[in-house]
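I have placed the structure first, in the form of structure tokens, so that the comments after it can refer back to it.
As the structure is a prediction and not an experimental result, all values here were calculated from the model.
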Amino acid sequence: MNWQVILTGSAQEGFMKNVFVMGLDPFNEELLETIDDQAGSEEKYCFHPLLDLSEIVDAEGGEYPSLDEVRERAKKRFTEVEGGPDAVMGYWDFPTSSFVPVVAHDAGLPAQPLEAVARCEHKYWSRLEQKKVLPDMVPEFQALNPFSEDPAAEVRINYPFWLKPVKSHSSFLGFYIDGPDALREHIPEIREKIGLFAKPFNEFLALLDQPEEVAAVDGYHCIAEEIISSGFQATVEGYCWHGEVQVFGAIDSLRSGKHQSSFSRYQYPSKLPREIQARMIKAARTFMRHIEYDQGTFNIEFFWDHDDDSLMLLEVNSRISKSHSPLFFMVDGATNHKVVLDLALGREPDMPHRKGEHELSGKFMMRIFKDEVADGVVRQVPDEDDIERVRERYPDAFVLPLVEEGTRLSDLKFQDSYSYEIAVVFLGADRQKQLLDRFDKVEEMLPFKIDADE
């Protein structure tokens with residue numbers, strides 16, 4: 001992509017704003033540096049990392065730092081930069097999504113109300129709140145304790161259902177459960193791995209006064225939900241500003257795989273009928289106002305069933321989707337990081353619309369499905385020359401391999417339960433067929449080799 005680079009330096013009051021970014025990484029830093037100055041302002045931004053990517057995102061060492069440790073390290077980091085913080089922001093999923101507002105509140109900076117964040121992030125609490133105002137869009141659900149003597153004996157909803165922790169991401173520990181035997185099969189893995197997110201999530205929840213029904217369902221619990229994934233999936237992204245709820249984009253999510261549970265492509269703007277998008281936006285506004293969410297971004301995922309015209313709410317997230325960031329840049333001329341930054345600086349967002357170079361854009365996920373390759377070792381990945389050839393052909397394409405030579409597929413972190421994601425490709429185009437044809441050509445240009453286990 002032809003990024004506009006803003007040079008950074010020491011902070012100057014009224015000119016350079018110190019923006020601390022939790023888990024700042026090179027790719028998203030490039031996107032942040034494309035953000036235009038506010039109209040009529042000479043303000044610039046100096047982006048500072050707040051905790052290493054390896055700690056707060058990758059959980060290297062097998063666990064995340066505690067919330068108390070994050071708060072103390074943030075305070076120390078703020079004193080190391082002249083002028084201190086003007087804003088704290090993030091774009092990653094949990095724990096970043098919950099820890100950033102805590103750190104921002106500690107520093108006296110703008111951030112979402114913590115309870116409103118929890119009503120999005122806690123999947124069971126969120127379902128309880130959704131049911132109060134959007135009952136027709138909420139599937140049957142229940143909390144389930146994987147550490148009980150026999151979780152299968154506690155199931156009250158009909159099989160099949162999806163089972164997932166009340167706090168995880170990327171479909172981590174999400175399983176299709178078609179009967180008691182399948183549930184008992186997956187319980188040992190859930191018990192072994194659920195603590196990765198449960199421990200820091202419980203630290204966040206401890207800051208809040210929770211309803212009795214929610215307090216009994218901590219991060220070590222799961223939620224079982226009626227399957228609603230038979231329709232067409234799309235996501236709305238928006239923000240709340242002083243009680244007003246604004247939506248700035250709708251993105252389609254295309255799935256593949258045995259259970260249609262693995263994302264294959266995100267595409268922007270959505271191809272859904274305008275009236276369906278309007279219903280999604282209305283539902284988003286209804287829910288975000290209900291939970292009194294404010295001063296923050298959100299994205300909400302829906303399923304629309306063409307046959308019966310029903311609309312079901314899948315999930316609410318108290319953040320932008322970083323996966324959508326280049327898509328907005330290609331079509332609208334600005335990354336959605338801009339909305340996060342504006343809110344973190346305490347000002348109303350100003351997001352452009354259809355000012356980009358392309359009519360549509362897509363993020364493609366290259367996957368190996370476990371029913372074809374249960375496990376194996378990566379023997380070859382695209383090198384810099386391969387990626388440069390892609391960029392020569394499509395100058396604003398971006399290719400991000402997610403594996404290295406020697407990587408064992410089963411060692412990859414935060415994969416869904418039915419596939420391994422080995423690379424992502426961002427592309428822009430002016431029409432649908434052109435976008436898909438471009439990806440086919442890019443895929444042919446990227447040499448991956450996997451030695452599958454016998």
Spacing of CD belonging to Glu189 relative to OG belonging to Ser417, to within rounding of 0.5 Å: 6.5 Å
Working for side chain to side chain contact (heavy atoms under 4.5 Å, CB included), residues Ser321 and Thr235: CA-CA 10 Å; Ser321 170; Thr235 301; over 6 Å; no
From CG (Asn336) to CD (Glu237), nearest 0.5 Å: 5.0 Å
Side-chain heavy-atom pair Phe448, Pro382 within 4.5 angstrom cut-off: yes
Residue pairs involving residues 311-335 (criterion salt bridge (charged side-chain N to carboxylate O under 4.0 Å, His left out); sequence neighbours excluded): Asp93-Arg319, Lys123-Glu315, Asp332-Arg354
Criterion ring-ring contact (aromatic ring centres under 6.0 Å, His included) on Phe27 and Phe398, from CA distance to verdict: CA-CA 10 Å; Phe27 174 54; Phe398 189 87; 4.3 Å; yes
From CA spacing to verdict: side chain to side chain contact (heavy atoms under 4.5 Å, CB included), Leu412, Val403: CA-CA 8 Å; Leu412 292 171; Val403 294; 3.7 Å; yes
Close side-chain approach of Pro85 to Leu109, heavy-atom, < 4.5 Å: yes
Electrostatic pair Lys76-Glu80, nearest N-O below 4.0 angstrom: yes
Nearest-0.5 Å distance, NE2 of residue His358 to CG of residue Leu327: 11.5 Å
Set of residues satisfying salt bridge (Lys or Arg N to Asp or Glu O under 4.0 Å) with respect to Asp451, sequence neighbours excluded: Arg379
Contact list for residues 398-414, test side chain to side chain donor-acceptor pair (under 3.5 Å), sequence neighbours left out: Asp375-Arg408, Asp375-Ser410, Arg408-Asp453
Geometric class of the Tyr45/Phe47 ring pair [parallel <30°, tilted 30-60°, perpendicular >60°]: tilted
Full working for side chain to side chain donor-acceptor pair (under 3.5 Å) between Glu121 and Ser97: CA-CA 8 Å; Glu121 298 288 307; Ser97 54; 3.0 Å; yes
Residue pairs fulfilling ring-ring contact (aromatic ring centres under 6.0 Å, His included) with at least one residue in residues 179-199, sequence neighbours excluded: Tyr64-Phe197, His169-Phe197, Phe172-Phe197, Phe175-His186, Phe197-Phe414
Residue pair Ile157, Phe141: steps toward the side chain to side chain contact (heavy atoms under 4.5 Å, CB included) verdict: CA-CA 7 Å; Ile157 67 174; Phe141 67 95; 5.8 Å; no
Geometric class of the Trp304/His306 ring pair [parallel <30°, tilted 30-60°, perpendicular >60°]: perpendicular
Test log, rule ring-ring contact (aromatic ring centres under 6.0 Å, His included), inputs His337 and Phe328: CA-CA 10 Å; His337 294 80; Phe328 283 107; over 10 Å; no
Charged N-O contact under 4.0 Å between Arg73 and Glu55: yes
Close side-chain approach of Leu446 and Val425, heavy atoms under 4.5 Å: yes
Residue pair Ser310, Asp308: steps toward the side chain to side chain donor-acceptor pair (under 3.5 Å) verdict: CA-CA 5 Å; Ser310 63; Asp308 62 13; 2.7 Å; yes
Arg431/Glu359 ion pair, N-O < 4.0 Å: no
All ring pair (Phe, Tyr, Trp, His ring centres under 6.0 Å) counterparts of Tyr293, not counting sequence neighbours: none
Derivation of the side chain to side chain donor-acceptor pair (under 3.5 Å) call for Gln432 and Gln267: CA-CA 9 Å; Gln432 175 87 15; Gln267 186 168 307; 2.5 Å; yes
Donor-acceptor side-chain pairing of Gln112 and Ser318 below 3.5 angstrom: no
Euclidean distance, Phe161 CZ relative to Ile227 CD1, rounded to 0.5 Å: 9.0 Å
Ring pair (Phe, Tyr, Trp, His ring centres under 6.0 Å), paired with His324, selected from Tyr268, Phe329, Tyr266: Tyr266
Enumerate, atom names and distances included, each donor-acceptor pair closer than 3.5 Å involving a side-chain atom of residues 437-445, sequence neighbours excluded.
residue	atom	partner	partner atom	Å
Asp437	OD2	Lys433	NZ	2.7
Arg438	NH1	Gly428	O	2.6

Flag, side chain of Thr297 to backbone of Ile320, donor-acceptor distance under 3.5 Å: yes
Note, Arg127 side chain near Lys131 side chain (heavy atom, < 4.5 Å): no
Sole candidate of Val378, Asp386, Val424, Ile387 that passes side-chain contact (heavy atoms from CB on, under 4.5 Å) when paired with Pro401: Ile387
Neighbour count >12 (heavy atoms, 6.0 Å) for atom CD, Glu388: yes
Note, Ile56 side chain near Trp92 side chain (heavy atom, < 4.5 Å): no
Heavy-atom check, side chain of Val316 versus side chain of Gln130, under 4.5 Å: yes
Ile300 side chain near Met280 side chain, heavy-atom distance below 4.5 Å: no
Candidate pair Leu67 and Leu207, rule side chain to side chain contact (heavy atoms under 4.5 Å, CB included), full reasoning: CA-CA 10 Å; Leu67 177 55; Leu207 302 177; 3.8 Å; yes
Non-hydrogen side-chain atoms of Val340 and Tyr239 separated by less than 4.5 Å: no
Heavy-atom closest pair, residues Phe287 and Ser126: CZ-OG, 3.9 Å
Side-chain donor-acceptor pair present, Glu301, Ser253, cut-off under 3.5 Å: no
Gap separating the CD1 atom of Ile194 from the NZ atom of Lys164, nearest 0.5 angstrom: 13.0 Å
Pairwise distance CD(Glu33) to OG1(Thr335) - rounded to 0.5 angstrom: 12.0 Å
Option from Val57, Val88, Val70 for which side-chain contact (heavy atoms from CB on, under 4.5 Å) with Met22 holds: Val70
